[in-house]
Amino acid sequence: MKREWVRTKDNSQTLWVPELKQHYHSHHGAVQESRHVFLEAGLAALKTNPSISILEIGLGTGLNALLTYLEGPSESTIYYHGIEKYPLEDTEWAGMDPASFLGEHPNAPEAFKSIHQAKWNELVNISPRFTLFKEQVDLHNFQANVDNFDLIYFDAFSPGAQSDLWTEDVFKKMHYVLKPGGILVTYCVMGAVRRAMAAAGFSVTKIPGPPGKREMVRAFKA
Ligand SMILES: C[S@@+](CC[C@H](N)C(=O)[O-])C[C@H]1O[C@@H](n2cnc3c(N)ncnc32)[C@H](O)[C@@H]1O
């Protein structure tokens, strides 16, 4: 699959997949979207938890993981489980230059490298407070224990490109692996997606989206 780096409107980088006509993050601003949808609407609610367990659907460029590492609550330990069916090649991730848009974090380039150099399917300590498990697996085959995660970053390509990843069956699996009270956040607000989440047992709310997108979804497991 051909993937090309592009600059988004906040000067951060994301990948463009011509075949799917999909960006990995919003062209209005990759960092802006990641902070808004995943860190502010999801992670911020857990900032007083001593430990936080996060599942990401679609690790991709590692940008959500990187920002969670750099800007997540400093008092919490984080277990970050990112699943990905099509990992980036070394020559691909090397095309992202975090120093060019995350200048406020001098350790961003090193952390980005550690995230990408971490072995797949192994627990890796990126720091004493951040443990990463990158699992190379298709979401359809992903399995985890019940009540396992506090938070899910649901960051698959849009339903227009991959409708099979936004079904009631997939959200039942997400509901199963979330802890009671756990949160799922995603950029997608399509009616059919929200109905699939509700049918899977989620309480679904629409909240303001990042610049360029009116709304996003935050869903809870009761
Ligand atoms: C919107 S991008 C994710 C962007 C990513 N969160 C980031 O920070 O760059 C969607 C990701 O889902 C992955 N993906 C596509 N189909 C998948 C599947 N069936 N199972 C797991 N991951 C899949 C893609 O390879 C891509 O990395």
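For ligands, and for the atoms within them, numbers begin at 1 and follow the listed sequence.
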Visitor: Do me a favour and list the nearest non-hydrogen protein atom to atom 12 (O) of ligand 1 with residue, atom name and distance?
Guide: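 For atom 12 (O) of ligand 1, the nearest protein heavy atom is Gly58 CA, 3.5 Å.
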Visitor: Looking only at the side chains, is there a donor atom on one of Glu135 and His81 sitting less than 3.5 Å from an acceptor on the other?
Guide: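 Yes, because at least one side-chain N or O of Glu135 sits under 3.5 Å from a partner of the opposite role on His81.
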Visitor: Hey, which atoms in ligand 1 end up nearer than 4.0 Å to a heavy atom of Gln162?
Guide: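 Answer for ligand 1: 15 (C), 16 (N).
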Visitor: Start with the C-alpha distance between Glu71 and Arg35, add both sets of side-chain angles, then the distance that settles salt bridge (charged side-chain N to carboxylate O under 4.0 Å, His left out), and finish with yes or no.
Guide: CA-CA 9 Å; Glu71 300 178 3; Arg35 281 188 179 134; 2.7 Å; yes
Visitor: Is the closest heavy atom of Leu59 to ligand 1 under 4.0 Å?
Guide: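 Yes, Leu59 has heavy atoms under 4.0 Å from ligand 1.
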Visitor: As a check for students: among Asn64, Val170, Leu139, Leu165, identify the option with a heavy atom nearest to atom 20 (N) of ligand 1.
Guide: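 Residue with the shortest heavy-atom distance to the ligand atom: Leu139.
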Visitor: With Phe130, which of Thr68, Thr77, Asn125 fulfils side-chain contact (heavy atoms from CB on, under 4.5 Å)?
Guide: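 With Phe130 as partner, Thr68, Thr77, Asn125 yield a single side-chain contact (heavy atoms from CB on, under 4.5 Å), made by Thr68.
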Visitor: Among all the protein's non-hydrogen atoms, which is closest to atom 22 (N) of ligand 1, and how far away is it?
Guide: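 The answer is Lys85 N, 3.3 Å.
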Visitor: Using heavy-atom distances, let me know which of Ile83, Thr14, Thr61, Val17 sits nearest atom 9 (O) of ligand 1.
Guide: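 Minimum heavy-atom distance to atom 9 (O) of ligand 1 goes to Thr61.
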Visitor: Assess whether atom CD of Glu110 is packed by more than 12 heavy atoms of other residues, nucleotides or ligands within 6.0 Å.
Guide: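 Atom CD in Glu110 is not packed in, count stays at 12 or less.
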Visitor: Of the protein's non-hydrogen atoms, which lies at the shortest distance from atom 8 (O) of ligand 1, and what is that distance?
Guide: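 I find the closest protein heavy atom is His25 CE1, 3.0 Å.
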Visitor: With heavy-atom distances below 4.5 Å as the criterion, would you say the side chains of Ile183 and Asp150 are in contact?
Guide: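 Result no, sub-4.5 Å side-chain heavy-atom pair not found.
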Visitor: Using a 3.5 Å cut-off on N or O atoms only, is Arg3 in polar contact with ligand 1?
Guide: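 N/O-N/O distance under 3.5 Å: no.
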Visitor: Quick one: look up the protein heavy atom nearest atom 19 (N) of ligand 1 and list residue, atom name and how far away it is.
Guide: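 For atom 19 (N) of ligand 1, the nearest protein heavy atom is Asp138 OD1, 3.1 Å.
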Visitor: Suppose I only count heavy atoms of Tyr86 and a 4.0 Å limit; which atoms of ligand 1 are within that range?
Guide: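 Ligand 1 atoms under the 4.0 Å threshold to Tyr86: 15 (C), 16 (N), 25 (O).
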Visitor: Are Trp16 and Tyr24, when compared by the centres of their aromatic rings, separated by less than 6.0 Å?
Guide: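 Ring-ring flag for Trp16/Tyr24: false, centres at least 6.0 Å apart.
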Visitor: Quickly, which of Phe171, Phe202, Tyr187 forms a ring-ring contact (aromatic ring centres under 6.0 Å, His included) with Phe154? Name it, please.
Guide: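 Between Phe154 and the candidates, ring-ring contact (aromatic ring centres under 6.0 Å, His included) is satisfied uniquely by Phe171.
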Visitor: The test is side-chain hydrogen bond (donor to acceptor under 3.5 Å, both in side chains); show your working for Asn49 and Ser76 and say whether it passes.
Guide: CA-CA 6 Å; Asn49 289 22; Ser76 313; over 6 Å; no
Visitor: Evaluate the criterion side-chain hydrogen bond (donor to acceptor under 3.5 Å, both in side chains) for residue pair Ser12 and Asp10; output intermediate values, then yes/no.
Guide: CA-CA 6 Å; Ser12 58; Asp10 66 1; 2.4 Å; yes
Visitor: Decide whether an N or O pair under 3.5 Å exists between Ala156 and ligand 1.
Guide: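 So ligand 1 has no N or O lying under 3.5 Å from an N or O of Ala156.
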Visitor: Could you tell me whether Val137 approaches ligand 1 through its side chain, its backbone, both or neither, with non-hydrogen atoms closer than 4.0 Å?
Guide: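 For Val137, the contact with ligand 1 is made by the backbone alone.
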Visitor: Nearest non-hydrogen atom to atom 14 (N) of ligand 1 belongs to which of Met1, Gln22, Glu84?
Guide: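 Ranked by closest heavy atom to atom 14 (N) of ligand 1, first place is Glu84.
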Visitor: Calculate, to the nearest 0.5 Å, the distance between atoms OG1 and CG belonging to Thr61 and Leu15 respectively.
Guide: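 It is 6.5 Å, given to the nearest 0.5 Å.
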Visitor: With heavy atoms only and a cut-off of under 4.0 Å, state how His140 meets ligand 1: side chain, backbone, both or neither.
Guide: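 Answer for His140: neither.
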Visitor: How far is atom 10 (C) of ligand 1 from the closest protein heavy atom, and which atom is that?
Guide: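 The closest heavy atom on the protein side is Asp155 O, 3.2 Å.
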